[in-house]
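Inspection log for the structure reproduced underneath, given as structure tokens.
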There are 2 protein chains.
Amino acid sequence: MAPVIRTARERAREELTLEIKREARRQLADEGAQRLSLRAVARALGMASSALYRYFPSRDDLLTALIIDAYNALGDRVETAVAACPDDDPRAAWRALCHGVRDWAKEHPHEYALLFGTPVPGYAAPQDTIAPAARVPIALVGVIRGAAGRLDLSAPVRPLRGALAEQASVLVAAMAPEVSAGVFTRGVVAWSQLVGMVSFELFGHFVGAFEPADAFFAHTVEEMADFVGLP
Amino acid sequence: MAPVIRTARERAREELTLEIKREARRQLADEGAQRLSLRAVARALGMASSALYRYFPSRDDLLTALIIDAYNALGDRVETAVAACPDDDPRAAWRALCHGVRDWAKEHPHEYALLFGTPVPGYAAPQDTIAPAARVPIALVGVIRGAAGRLDLSAPVRPLRGALAEQASVLVAAMAPEVSAGVFTRGVVAWSQLVGMVSFELFGHFVGAFEPADAFFAHTVEEMADFVGLP
DNA sequence: CAAAAACGAGAGCACTGCTCTTGACAGCCC
DNA sequence: GGGCTGTCAAGAGCAGTGCTCTCGTTTTTG
């Protein structure tokens with residue numbers, strides 16, 4: 001069905017689509033999503049602004065494409081960082097994951113803000129974004145799964161009750177059958193803590209306190225590793 | 001010096017300033033900061049858009065005023081919620097604080113996003129904002145201070161090292177001399193966790209997982225109370 | 001080869017933040 | 001009281017935005 005040999009038009013289209021995203025990403029990195037302008041992108045590419053709408057039906061669609069790319073870039077970074085750690089050292093993998101997120105965020109602050117800051121429009125989170133968005137959380141529970149059986153909880157996990165127990169058991173069955181729902185939930189807590197901490201640093205909520213935040217970050221990564229019971 | 005009896009002009013100016021903020025806050029709540037338009041505010045107030053610039057030199061200045069008001073609204077909410085708890089029950093105060101933040105955030109999502117989401121322009125955090133912004137964190141360490149001497153740490157705090165030890169000791173000396181730097185740091189961790197968790201919920205990162213997030217939130221509040229050692 | 005689909009460019013609409021000028025009014029000193 | 005001064009609202013206008021529509025042109029398809 002799908003022709004392996006694409007027509008010249010299809011190749012040109014694909015190439016131009018990539019180039020548009022490339023330029024848009026450049027402007028995003030420079031000025032932030034707020035100031036990303038379709039017309040400026042078109043201008044930089046030497047084409048009419050109206051022609052851009054043949055490739056992205058709206059500004060939000062362009063942004064959505066950039067969001068997906070950013071999620072994948074972050075996912076790549078984190079997954080390779082985790083993969084570089086020895087299998088029997090979950091804490092090293094944990095460190096790699098957390099520092100990978102932070103380092104990527106500091107290298108690409110505006111793209112990080114696009115992912116974890118205020119959702120842009122009436123915040124449509126299209127289906128296409130949820131799989132790339134799940135990569136880092138999946139990697140995180142993967143690290144915990146890798147430590148299953150060796151978890152060392154100095155603070156006992158509070159029992160899950162009611163709706164939470166149901167939600168967690170569904171997720172655990174699908175994602176991490178090796179670990180208890182309580183530990184899994186602690187992983188989610190640690191994930192939201194990680195993003196909250198990185199956001200604080202990037203969005204300037206640490207000014208005058210833990211700035212630079214390197215030491216605080218490294219310390220907290222260890223504390224949260226303890227929290228989820230990583231050996 | 002400052003005349004107690006203000007001139008008609010001064011009163012009119014003050015009143016109009018309030019009315020502008022009121023209308024802007026209405027539009028902010030409806031549509032978000034992104035779509036807040038000076039011209040629309042002026043239109044709703046039946047005045048020329050140019051006249052607005054006599055009251056706020058730029059759109060960012062209007063937003064800054066709204067940010068300060070929002071920080072104070074959140075601060076009021078949290079402080080009264082904490083004050084309503086018995087002095088000898090730090091955990092109740094902790095719950096009141098955390099749920100106060102979340103409830104306020106869910107009632108005013110766009111204002112919350114303005115405070116803890118992506119910073120708007122080239123992110124100027126003027127001096128006027130830092131005091132209102134500090135109110136909730138100060139209340140949070142206040143709760144911990146109220147439990148000083150009765151803290152119960154099932155998981156031992158990792159020792160602070162290097163730059164972190166210095167930063168923390170300075171902050172502890174100024175804000176919470178009764179508690180150790182380690183526990184204080186855990187309070188900051190909990191604070192960033194709280195904001196991260198609320199942001200996840202509001203910004204739609206929990207869809208398909210812990211949704212509704214009430215049970216997860218309540219559980220995590222208790223876990224974090226344990227984490228900082230609240231009795 | 002002809003019909004159909006895709007394409008780029010241009011003009012135009014409604015909107016934005018912001019500036020500048022103009023004319024009117026209120027508060028002050030003499 | 002009569003000016004002078006500073007404040008004020010309003011209008012026009014600039015440069016920019018997202019987006020739509022139309023119009024020739026080019027490429028693919030039947």
Side-chain angles (χ1 to χ4, degrees), chain A residues 1-21 23-24 27-28 30-67 114 119-124, chain B residues 1-21 23-24 27-28 30-67 114 119-124:
Chain A
M1 286 300 145
V4 182
I5 300 173
R6 296 159 309 180
T7 71
R9 200 162 232 168
E10 275 173 329
R11 277 194 297 119
R13 181 178 182 83
E14 195 161 325
E15 207 164 308
L16 232 178
T17 304
L18 283 178
E19 203 149 352
I20 291 170
K21 287 206 289 183
E23 177 60 28
Q27 298 198 8
L28 170 65
D30 277 5
E31 305 251 39
Q34 180 93 17
R35 300 185 197 270
L36 173 63
S37 147
L38 281 191
R39 293 179 111 113
V41 172
R43 223 177 292 131
L45 264 52
M47 61 197 299
S49 66
S50 56
L52 249 164
Y53 287 82
R54 301 237 180 240
Y55 297 85
F56 295 94
S58 79
R59 200 191 99 115
D60 283 356
D61 289 272
L62 213 200
L63 274 181
T64 301
L66 294 184
I67 288 176
L114 200 57
V120 201
Y123 84 111
Chain B
M1 287 300 147
V4 181
I5 301 172
R6 295 159 309 180
T7 72
R9 205 168 226 158
E10 277 173 328
R11 278 194 297 119
R13 181 179 183 82
E14 193 161 325
E15 207 164 307
L16 232 178
T17 304
L18 284 178
E19 204 150 352
I20 291 171
K21 287 206 289 185
E23 177 59 30
Q27 298 199 7
L28 169 65
D30 277 5
E31 305 253 37
Q34 181 92 16
R35 298 186 197 270
L36 173 64
S37 148
L38 281 190
R39 292 179 111 113
V41 171
R43 223 176 293 129
L45 265 52
M47 61 197 298
S49 66
S50 54
L52 255 168
Y53 287 83
R54 299 230 176 241
Y55 296 86
F56 295 94
S58 80
R59 200 190 100 113
D60 284 356
D61 290 272
L62 213 200
L63 274 180
T64 301
L66 294 183
I67 288 176
L114 199 57
V120 202
Y123 86 112

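None of these values were measured; they are calculated from a predicted model. Residue numbering restarts at 1 for every chain, and letters A, B, ... go by the order of the sequence lines.
Closest to the side chain of Arg43(B), out of dC15(C), dC18(C), dT26(D), is dC15(C). Distance from the side chain of Arg54(A) is smallest to dT22(D) among dT28(D), dC19(D), dT22(D). Listed nucleotides: dT28(D), dT16(C), dT22(D). Nearest to the side chain of Thr7(A): dT28(D). Here dA9(D) is the nucleotide among dA9(D), dC19(D), dA9(C) with the atom lying nearest to any side-chain atom of Ala51(B). For Tyr53(B), the side-chain atoms get nearest to dG17(C) when compared with the rest of dC19(D), dG17(C), dA10(D). The side chain of Ser49(B) approaches dC18(C) more closely than any other nucleotide in the set dC18(C), dC7(C), dA10(D). Here the side chain of Tyr55(A) is nearest to one of dG8(C), dG18(D), dT16(C), namely dG8(C). In the set dT16(C), dT17(D), dG10(C), the nucleotide with an atom closest to the side chain of Ser37(A) is dT17(D).
A distance-only check finds a donor-acceptor pair linking the side chain of Glu10(A) to the backbone of Thr7(A) [under 3.5 Å].
Looking at which nucleotide of DNA chain D each of Pro57(A) and Leu52(B) is closest to, the 5′-most match is held by Leu52(B). When the nearest nucleotides of DNA chain C are assigned to Gly46(A) and Arg39(A) by heavy-atom distance, the more 5′-ward of the two goes with Gly46(A).
Between Leu38(B) and Tyr53(B) the shortest side-chain heavy-atom distance falls below 4.5 Å. Side-chain contact between Leu16(A) and Met47(A) is present, with heavy atoms from C-beta onward closer than 4.5 Å.
Base contact: Ser50(A) has a heavy atom under 4.0 Å from a base atom. Residue-level contact check: Leu36(B) touches the backbone only, with heavy atoms under 4.0 Å from sugar-phosphate atoms and none from bases. Residue-level contact check: Leu16(B) touches the backbone only, with heavy atoms under 4.0 Å from sugar-phosphate atoms and none from bases.
With hydrogens and angles ignored, no donor-acceptor pair under 3.5 angstrom links the side chain of Arg9(A) to the base of dT28(D).
Here the options are Leu52(B), Leu36(B), Thr64(B), the test is side-chain contact (heavy atoms from CB on, under 4.5 Å), and the partner is Arg59(B); only Leu36(B) passes.
Side-chain N/O atoms of Asp61(A) and Ser58(A) include a donor and acceptor closer than 3.5 Å.
At the phosphate of dA26(C), neither OP1 nor OP2 sits under 4.0 Å from any side-chain N or O atom of Arg13(B).
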